[in-house]
Amino acid sequence: MKNYIYITLAFMVLAFATACDDGSDSVGESQIDTNPPILNDLDKWLRSNFVAPYNIEVLYKWDINDTDIDRYLHPPFETSVKPVANALQKAWIEPYTQVGGANFIKKIAPRQFTMVGSFNYNPNSPTITLGVAEAGTKITLFNIDYLDFTDINSIKQPLKTVQHEYGHILNQNIPIDVAYGLINPENYTAQWFNRTDGEARELGYITAYGSSQESEDFVEMVSEMLTNSKTEFDAMVESIDNEDSKAIIRTKEAMVVEYYKKKFNIDLYELQELVATATQKLVN
């Protein structure tokens, strides 16, 4: 048995030495492309305005695996990208930076935006998805090829989506008070799309989507306040006929304002004014 073991070990050593001497098994040239990417003017602008200062990547050239493979989606035209990115910079990043401090967006922000040119139709409901937030690190914006930057309501569309999704990200960092969901939970419904925004307001929700569940209710309040001036938002609330529902929305407004002040030391009304001014300036 000992002789057998010695012979086997000797054979293994010989085989290993032979393999090491065989030039045919040497490591070949790397298959990883380490060449610097070719950047166009848009790429350079995005790096200077998003990547360098905030560590936020903006993707507009992507493959199917960057989005939902079950949907018919396509990348945007390059000409659609900068106007949307500029809107994010002027009406989201800069206002938050002004009221929250130079490091606010640097510390709490999605680290990637993916821009999609087409609409994202939902197959089993009469709705389209305007944006998606993933794990607090990525926001996808849809249908940017169809925005009209001469129309303030069209400009507000991606901004409302970002304010909504960013509200979720803030809530993931610091949860909202559970009391918020107890204000009027009786009319939350998964069939929210069967209501108009006007009908939802008469029930005490700022939008139809806000009547879907507590977390969406909260961030819809945030997004409506931050895509409308205080005058516009007040007019929206005062148009409600049901006085009880009007009072409910004012209670929710107060809780949202308190959340921003206590948890982030941000005056939401000051932020609202800055965003409204910046949004108006975006209209060509």
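Values below: every heavy atom of this structure, side chains too, minus hydrogens, waters and symmetry copies. Remember, it's a predicted structure, so these values are computed and weren't measured experimentally.
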Query - The single option from V222, I105, V219, L226 passing side chain to side chain contact (heavy atoms under 4.5 Å, CB included) against Y166 - result: I105
Query raised in the report: Considering residues at least two apart in sequence or located in another chain, which fulfil the side chain to side chain contact (heavy atoms under 4.5 Å, CB included) criterion with E78?
Result: N40, L42, Y60
Query raised in the report: Can you list the residues that meet the side chain to side chain contact (heavy atoms under 4.5 Å, CB included) rule with N265, with sequence neighbours excluded?
Result: K261
Requested in this report: Under the side chain to side chain contact (heavy atoms under 4.5 Å, CB included) rule, collect the residues that match up with N194, sequence neighbours excluded.
Outcome: Q191
Query - Salt-bridge present (E238, R250; N to O < 4.0 Å) - result: yes
Query raised in the report: Can the ring centres of W92 and F113 be said to be less than 6.0 Å apart?
Result: yes
Query raised in the report: Is there a donor-acceptor contact under 3.5 Å from the side chain of S154 to the main chain of D151?
Result: no
Query raised in the report: With sequence neighbours excluded, what pairs up with E94 under the salt bridge (Lys or Arg N to Asp or Glu O under 4.0 Å) test?
Result: K90
**Report entry** Residues E220, K252: salt bridge by 4.0 Å N-O rule
**Finding:** no
Report summary line: With sequence neighbours left out, the residues meeting side chain to side chain donor-acceptor pair (under 3.5 Å) with Y96 are Y260
Query - Under 3.5 Å side-chain donor-acceptor pair for N242 and E202 - result: no
Query raised in the report: Looking at the rings of H164 and Y209, which for Trp means the six-membered one, are their centres under 6.0 Å apart?
Result: yes
Query raised in the report: Does the distance from a Lys or Arg side-chain N to an Asp or Glu carboxylate O, for D241 and K246, drop under 4.0 Å?
Result: no
Query raised in the report: How would you list, by chain and number, every residue that makes a side chain to side chain contact (heavy atoms under 4.5 Å, CB included) with I174, sequence neighbours excluded?
Result: Y259, K263, F264
